Amino acid sequence: MSNSNNAARKAAYLFLTLCCGALLAFAGFRAYEVYGPAKVALPAIPFGMPAGSTVLRGDAPNWVATNAKLPVQVQTELRRASELSRSGAYVSAYDIYDGVVVLYPDLLEAIWGEVNVLYDMSSQGLALNDNQRDRLTLLTGKLQGRFPESGISSYLESRSVFASGNETAALELARVATEKSPTLLQARLWFGELLQRNSRNIQATTEFKTTISLSNGDSPRAYELLAGLYHDAGMLDSCSALVEYALSQFPVNARLLLLQGYLKEYQGNFDAAEKIYQRILAFQPEYVEARTAAATLGEKSPPGPGAGVALSPQDRAQTACDILEPLVEKYPENLPLREALGRAYLKGRQFDQARLQFQEIQKADPEYPEIKQRIQEASVVTPAASAKKDVLADDLNRAIDSLRGKGSPATTHDFSTMLGHYLVRYGATPKEFFKKYSISNFRPIANNVWQESFYEPPYMHTYTVVFDSLNHFRQVHVVVFDSSSNSNHLGIAPEVFTRLLKQNSRISGIGNSTGETDCGDGLVLDAAVWETQDNFEMLARVVGKSAEVRMVRFDKSALPPGLKLCDYATYLNQY
C-alpha cells in the first residue's frame with residue numbers, strides 16, 4: 001500500500017513539473033515576442049518571399065512615423081519625390097528633395113532620399129556636377145553622424161567604397177548593413193545588386209524577393225533586377241511571367257518593357273517587339289538601350305548556357321530560307337512549301353521576298369487559307385516611305401496656321417507652362433487667374449469658360465480654361481493640331497503624340513501608359529495618365545487621327561468617382 005502511494009505521489013510531482021515547465025516555456029516565448037528583437041511578418045506578394053516569412057526589424061529607422069508629424073505640403077512633396085525616383089526621373093526627384101532639405105536641414109527622411117537619388121544617378125551613368133558631389137559628401141556625413149555604427153552607416157559606406165572602385169569591401173559592408181538593418185530596403189537592394197555582379201545569383205534572388213515583400217510590391221527596381229537575373233540566367237519562362245506581372249503594376253517601366261521586347265524577339269514576334277521599343281522611346285527618347293534594341297531588331301540571341309553559339313531569330317530564318325529556296329525552285333507547284341518559304345522570309349524581315357511568294361500562291365489558288373492576311377503582313381510601309389508626299393500642301397497648311405497664330409495676342413508661355421500647365425492653384429478666382437495671365441490673350445466662349453490659341457511651329461495650340469459655377473478654376477482642356485502631319489500610323493505613336501508625351505513627362509514626371517483601348521463605335525484611345533493627390537492629367541490621341549492630340553487637366557475633387565478610361569472621351573472632346 002505504501003509503495004502504491006509513493007508511486008502516485010511521484011506521478012503527481014512529475015505531472016506538476018511538466019505543467020510548470022510548459023507554463024515557463026510559454027511565458028518565455030511570450031516574453032521573447034514582447035521584449036525580444038522586433039520582427040516584421042512578410043505579406044503574400046507575387047514573386048516575393050513565401051507568406052508567413054519574417055524578417056528582424058533591426059536598427060532601421062521608422063520614416064513613416066517621422067513623416068506623419070510633418071506639414072501636409074511637405075509630406076506631399078516627399079511622396080512626389082519618391083514617385084519620381086521610383087520611375088527613374090532622378091533629376092526631378094533630386095530637385096524636390098534638395099528644396100525640402102534647404103527648408104528643413106535636419107529632416108532625416110529628406111536627407112536620406114536625396115542621398116539615395118544621388119547614388120542612383122551615379123550608378124545609372126548620370127555624371128554628378130560639383131555641387132551635387134559636395135551635397136552627397138555633406139549629407140552622407142550628416143547621416144553617418146546621426147546613425148553611427150548602424151545599418152544605414154554601413155550601407156552608405158558601402159556605396160562610397162564602391163564608387164572608389166573597391167567592390168570586394170563594398171560587398172562585405174553591404175552584407176553588414178543587411179544584418180544590422182534587415183528591413184532597410186535600399187540596403188537589401190544594393191546587397192542583391194552586388195551579389196548579382198559577383199555571380200552569386202541564388203543569394204541575390206533571395207535579396208530581391210525579400211525587397212519585393214518588404215516594399216509590399218512597390219519597388220519597381222526589385223522587379224527589374226530579379227527579371228534581369230532570370231533573363232541573364234536563361235530562365236526565360238520565369239522572366240516572362242515576372243515581367244508580365246510587374247508591367248501590370250508599373251506599365252511604363254522602361255527596363256521591364258525592354259525585357260518584354262527581348263522576349264518577343266526570341267519568339268520571332270518582331271512587330272510586337274518593335275512597337276514595345278518605340279513605346280519606350282516615346283517616354284524616354286534618350287534611352288540608349290531601347291534605341292540600340294530597335295536598331296538590332298531580329299539579331300538577338302536568347303541568353304543562357306550555350307548562348308555564345310546560339311543563332312539569332314534572323315539567322316535561323318536565313319538558315320530556313322537557304323533550305324527552302326532550292327526546294328521551292330524544284331517544286332514550284334507545292335504551295336505549302338512556298339508558304340513556308342514566305343513565312344521564313346517574313347521572320348527574317350525580308351518583306352518584299354515574302355510578299356512575292358504569297359502573291360504567287362494567290363495567283364495559283366485565290367482561295368488558299370489566309371493568303372490575303374499573309375500578303376497584308378508582308379506589305380509593310382514605313383512612315384518614311386511617304387514622307388515626301390504633299391510637301392507643298394504641308395507648307396501651305398503650316399503657313400495658314402502661322403498666320404492664325406500671328407492674329408492672336410502674344411502668349412506668355414515658357415516650357416514649364418505649355419500644355420495648359422497654368423501656374424495657378426485650383427480654386428483660384430478669375431481675378432487671380434488673369435492677374436497671372438493676361439486676359440488679352442483669351443476670349444470668352446461660354447459662361448465661365450475662356451480660350452486662347454497660338455501657333456508654335458509646327459503646332460497650333462488651343463487651351464480652354466474652365467471655372468465652375470462658383471467661379472473657381474477647376475480644369476483645362478488642350479488641343480494641339482499639326483496640319484502638316486500625314487496619316488501613316490502603323491501601330492507606332494505618331495510624331496506629334498510622341499513629342500508632346502515627352503514634353504509633358506519633363507514637366508509632370510513619367511506617366512502611366514494605357515496602351516490602345518477600344519471604347520466602341522470605332523473610337524480607339526491611346527493615352528498616358530498622370531495622377532497625384534490633387535491633380536489628374538490625361539494626354540490622348542484617337543487612333544486614326546494622327547495630326548491631333550488632346551489633353552485634360554483636372555482638380556481631382558471636381559471629378560465624379562469611378563470614371564474609367566473611355567469615360568474621359570467626353571471631357572477630351574468637350575472643347
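These numbers come from a predicted model, not from an experiment.
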So, taking the atom named [atom1] in [X] and the one named [atom2] in [Y], what distance separates them when rounded to the nearest 0.5 Å?
{"X": "Gln278", "Y": "Glu274", "atom1": "CD", "atom2": "CD", "result": "6.0 Å"}
{"X": "Thr140", "Y": "Ile152", "atom1": "OG1", "atom2": "CD1", "result": "11.5 Å"}
{"X": "Leu185", "Y": "Asp218", "atom1": "CG", "atom2": "CG", "result": "9.5 Å"}
{"X": "Met460", "Y": "Asp482", "atom1": "CE", "atom2": "CG", "result": "12.5 Å"}
{"X": "Tyr119", "Y": "Arg159", "atom1": "OH", "atom2": "CZ", "result": "7.0 Å"}
{"X": "Leu565", "Y": "Thr517", "atom1": "CG", "atom2": "OG1", "result": "4.5 Å"}

Open item on the list: Checking Tyr155 against Asn116 for the side chain to side chain contact (heavy atoms under 4.5 Å, CB included) test, could you report, in this order, the C-alpha distance in whole Å, the side-chain angles of both residues, the deciding distance, and whether it holds?
Closed with: CA-CA 11 Å; Tyr155 163 74; Asn116 279 289; 2.6 Å; yes
For residues [X] and [Y], is any side-chain donor paired with an opposing acceptor at under 3.5 Å?
{"X": "Arg291", "Y": "Tyr287", "result": "no"}
{"X": "Asp130", "Y": "Gln132", "result": "no"}
{"X": "Tyr459", "Y": "His461", "result": "no"}

Is there side-chain contact between [X] and [Y], with heavy atoms separated by less than 4.5 Å?
{"X": "Leu189", "Y": "Glu207", "value": "no"}
{"X": "Arg499", "Y": "Val496", "value": "no"}
{"X": "Arg553", "Y": "Met538", "value": "no"}
{"X": "Gln186", "Y": "Trp112", "value": "yes"}
{"X": "Lys209", "Y": "Leu226", "value": "yes"}
{"X": "Phe208", "Y": "Phe47", "value": "no"}
{"X": "Val74", "Y": "Leu107", "value": "yes"}
{"X": "Leu108", "Y": "Phe147", "value": "yes"}

In residues 470-480, what donor-acceptor pairs under 3.5 Å come from side-chain atoms, sequence neighbours left out?
residue: Arg474; atom: NE; partner: Asp468; partner atom: OD2; Å: 3.1
residue: Arg474; atom: NH1; partner: Asp555; partner atom: OD2; Å: 2.4
residue: Gln475; atom: OE1; partner: His477; partner atom: NE2; Å: 2.8
residue: His477; atom: ND1; partner: Tyr571; partner atom: O; Å: 3.0

- [ ] List the steps and the verdict of ring-ring contact (aromatic ring centres under 6.0 Å, His included) for Tyr463 and Phe454.
- [x] CA-CA 9 Å; Tyr463 299 166; Phe454 62 94; 5.3 Å; yes
Task: Derivation of the side chain to side chain contact (heavy atoms under 4.5 Å, CB included) call for Tyr575 and Ile445 - done: CA-CA 10 Å; Tyr575 296 100; Ile445 62 170; 3.8 Å; yes
Task: Selection residues 89-103 - residue pairs positive for side-chain hydrogen bond (donor to acceptor under 3.5 Å, both in side chains), sequence neighbours left out - done: Asp98-Arg135
Any ion pair linking [Y] and [X] (charged N to carboxylate O, less than 4.0 Å)?
{"X": "Glu548", "Y": "Arg550", "value": "yes"}
{"X": "Asp271", "Y": "Lys264", "value": "no"}
{"X": "Lys556", "Y": "Asp534", "value": "no"}
{"X": "Glu193", "Y": "Arg221", "value": "yes"}

- [ ] Let me see the working for Leu539 and Leu501 under side chain to side chain contact (heavy atoms under 4.5 Å, CB included), right down to the final yes or no.
- [x] CA-CA 7 Å; Leu539 181 74; Leu501 182 60; 4.1 Å; yes
Tell me the closest heavy-atom pair linking [X] and [Y], and the distance in Å.
{"X": "Ile212", "Y": "Ser215", "result": "O-OG, 3.1 Å"}
{"X": "Tyr104", "Y": "Pro71", "result": "OH-CG, 3.8 Å"}
{"X": "Ala177", "Y": "Ala187", "result": "CB-CB, 4.2 Å"}
{"X": "Leu523", "Y": "Asp518", "result": "O-OD1, 3.5 Å"}
{"X": "Leu78", "Y": "Ala110", "result": "CD2-CB, 4.0 Å"}
{"X": "Asn216", "Y": "Pro43", "result": "OD1-CG, 3.1 Å"}

Open item on the list: In terms of relative ring orientation, are Phe434 and Phe467 parallel, tilted or perpendicular, with 30° and 60° separating the classes?
Closed with: tilted
- [ ] Any disulfide bond (SG atoms under 2.5 Å apart) involving residues 418-472? Give me the pairs, sequence neighbours left out, ordered by first then second residue.
- [x] none
Task: Residue pairs, two or more places apart or on separate chains, that pass disulfide bond (SG atoms under 2.5 Å apart) and touch residues 531-574 - done: Cys519-Cys566
Are the side chain of [X] and the backbone of [Y] linked by a donor-acceptor contact shorter than 3.5 Å?
{"X": "Ser181", "Y": "Thr183", "answer": "no"}
{"X": "Thr296", "Y": "Thr292", "answer": "yes"}
{"X": "Thr137", "Y": "Arg133", "answer": "yes"}
{"X": "Tyr277", "Y": "Ala295", "answer": "no"}
{"X": "Asn535", "Y": "Thr532", "answer": "no"}
{"X": "Ser213", "Y": "Thr210", "answer": "no"}

Task: Identified side-chain contact (heavy atoms from CB on, under 4.5 Å) counterpart of Gln451 within the set Thr464, Val465, Val466 - done: Thr464
Task: Audit row: Asn573, Tyr568, side chain to side chain donor-acceptor pair (under 3.5 Å) steps and yes/no - done: CA-CA 9 Å; Asn573 295 315; Tyr568 291 99; over 6 Å; no
Task: Ser150/Gln144 under side chain to side chain contact (heavy atoms under 4.5 Å, CB included): CA gap, chis, key distance, verdict - done: CA-CA 8 Å; Ser150 67; Gln144 289 180 317; over 6 Å; no
Identify every side-chain donor-acceptor pair in residues 239-258 under 3.5 Å, counting partners at least two apart or on other chains, and give the distances.
residue: Glu244; atom: OE2; partner: Gln260; partner atom: NE2; Å: 3.1
residue: Ser248; atom: OG; partner: Tyr245; partner atom: O; Å: 2.4
residue: Asn253; atom: OD1; partner: Arg255; partner atom: N; Å: 3.2
residue: Asn253; atom: OD1; partner: Leu256; partner atom: N; Å: 2.9
residue: Asn253; atom: ND2; partner: Glu224; partner atom: OE2; Å: 2.9
residue: Arg255; atom: NH1; partner: Glu289; partner atom: OE1; Å: 3.1

Open item on the list: I'd like to check the salt bridge (Lys or Arg N to Asp or Glu O under 4.0 Å) partners of Lys435; sequence neighbours left out, ordered by chain and number.
Closed with: none
Open item on the list: Under 6.0 Å from the ring centre and within 45 degrees of the ring axis: does the NZ or CZ of Arg443 meet both conditions for the six-membered ring of Trp450?
Closed with: no
